[in-house]
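Notes follow the structure.
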Amino acid sequence: MTLQIGIIGTGWFSKVHADIITRMEGVRVASVCGTTLEKAEAMASVYDAAGYEQLEHMLDGEKLDAVYICVPPMSHGSIEAELIKRGIPFLVEKPLSTGMDIPLHIVEQVQQSRLLTSVGYHFRYQEAVQVMKQAMQEQKVGMALGRWMGGMPGVSWWRRQEGSGGQFVEQTTHIVDLLRFCAGEVTEVYAVAAQRSMHEKHEHVTVADVANVTLKLENGAIASIANTCLLPDGEGGAGLQFYTDAGVWDWTPERLLVPDAASHPMAGLEVAEGPNPYERENEAFIHALRTGDRSRILSDYADACRTQEITTAAQASVESGLPVKLQSSSHVAR
């Protein structure tokens, strides 16, 4: 039986997932829902699918096995609620929202229904990240330094705080998530941020363009994550470094550098990112749809809520000027 997949959104991520789905055996993109019928039909035509402007019309008109949600942060909430009501599994791109209210409401419904979900923290599926995670379980992490440095995306919603939630919520969430994935849960967050130049160069910019966040982990380690979106195009970069008594484990989206002194088969070498993590992410979700085996999914909705809690706590700290203590890692149950 061929699995029928619906996609909500017509942007870059929607097309990444649609292209991967199309290459998979026994899976097809059946429908696309966009903000306008014209956008939806334009994308749908590429995949021999049906285009819709209204979510309810798509769900009424198609018998879908799952839906991919690829929409801006401010557009979440009613989409997930409708899919949960109809019992349709979904894969949702990060972040889960601009804040925490909607994710907490949705995760409660997901847990009550035991609906199959996956969240697009694709870096978790990298071979290099798997090596780094295993290594961090086997030794004591002293501290971590993370960064997401670049320019400001051109879309208007990203530049508005109420549209994106800000850079730490919308982009740097990937680094926060890798910190959690490899080193454990966060208990306290203190953040500072500022508008330095982008609000003077562009209209309607309300997000900060520089920020630095200090985090305490349950295991006693500390971390600092910085981000900026004021750099010229092509400058900057993202990464995460773990400092241990065996040296520095240095990860970027392209590779992991293993320290020379590490008791590890790859000591002193570079570990490549490995096979396409987006493909692995999709394969894990489709496998779960077919078999009910969720073990290959590395971030479900409940898990992603804990990453969201950290990033939104950072924004709360910026606004209050005070550290924010997080609830125990068990308060959002898997």
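All values derive from a computational prediction rather than experimental measurement.
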In terms of side-chain heavy atoms, does [X] have a donor or acceptor partner in [Y] at a distance below 3.5 Å?
| X | Y | result |
| --- | --- | --- |
| Gln130 | Gln126 | no |
| Glu38 | Thr36 | no |
| Asp209 | His199 | no |
| Glu138 | His264 | no |
| Tyr243 | Gln241 | yes |
| Gln4 | Asp65 | no |
| Glu80 | His76 | yes |
| Thr244 | Gln139 | yes |
| Glu281 | Tyr121 | no |
| Arg160 | His204 | no |

Atom [atom1] of residue position [X] - does it have more than 12 heavy atoms of other residues, nucleotides or ligands inside 6.0 Å?
| X | atom1 | result |
| --- | --- | --- |
| Arg296 | CZ | no |
| Asp233 | CG | no |
| Asp101 | CG | no |

Q. Considering the options Thr173, Thr312, Asp177, which one meets the side chain to side chain donor-acceptor pair (under 3.5 Å) requirement together with Thr307?
A.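 The residue from Thr173, Thr312, Asp177 that satisfies side chain to side chain donor-acceptor pair (under 3.5 Å) with Thr307 turns out to be Asp177.
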Q: Check whether any side-chain N or O of Ser75 sits under 3.5 Å from a backbone N or O of Val71 as a donor-acceptor pair, and report yes or no.
A: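 Answer holds: no.
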Q: Only one of Arg124, Lys94, Arg294 passes salt bridge (charged side-chain N to carboxylate O under 4.0 Å, His left out) with Asp303; say which it is.
A: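 The option that passes is Arg124.
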Q) Does Val29 share a hydrophobic cluster with Val46, counting links as ILVMFWY side-chain heavy atoms below 4.5 Å and allowing steps through other members? A)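 Yes, Val29 connects to Val46 through the hydrophobic network.
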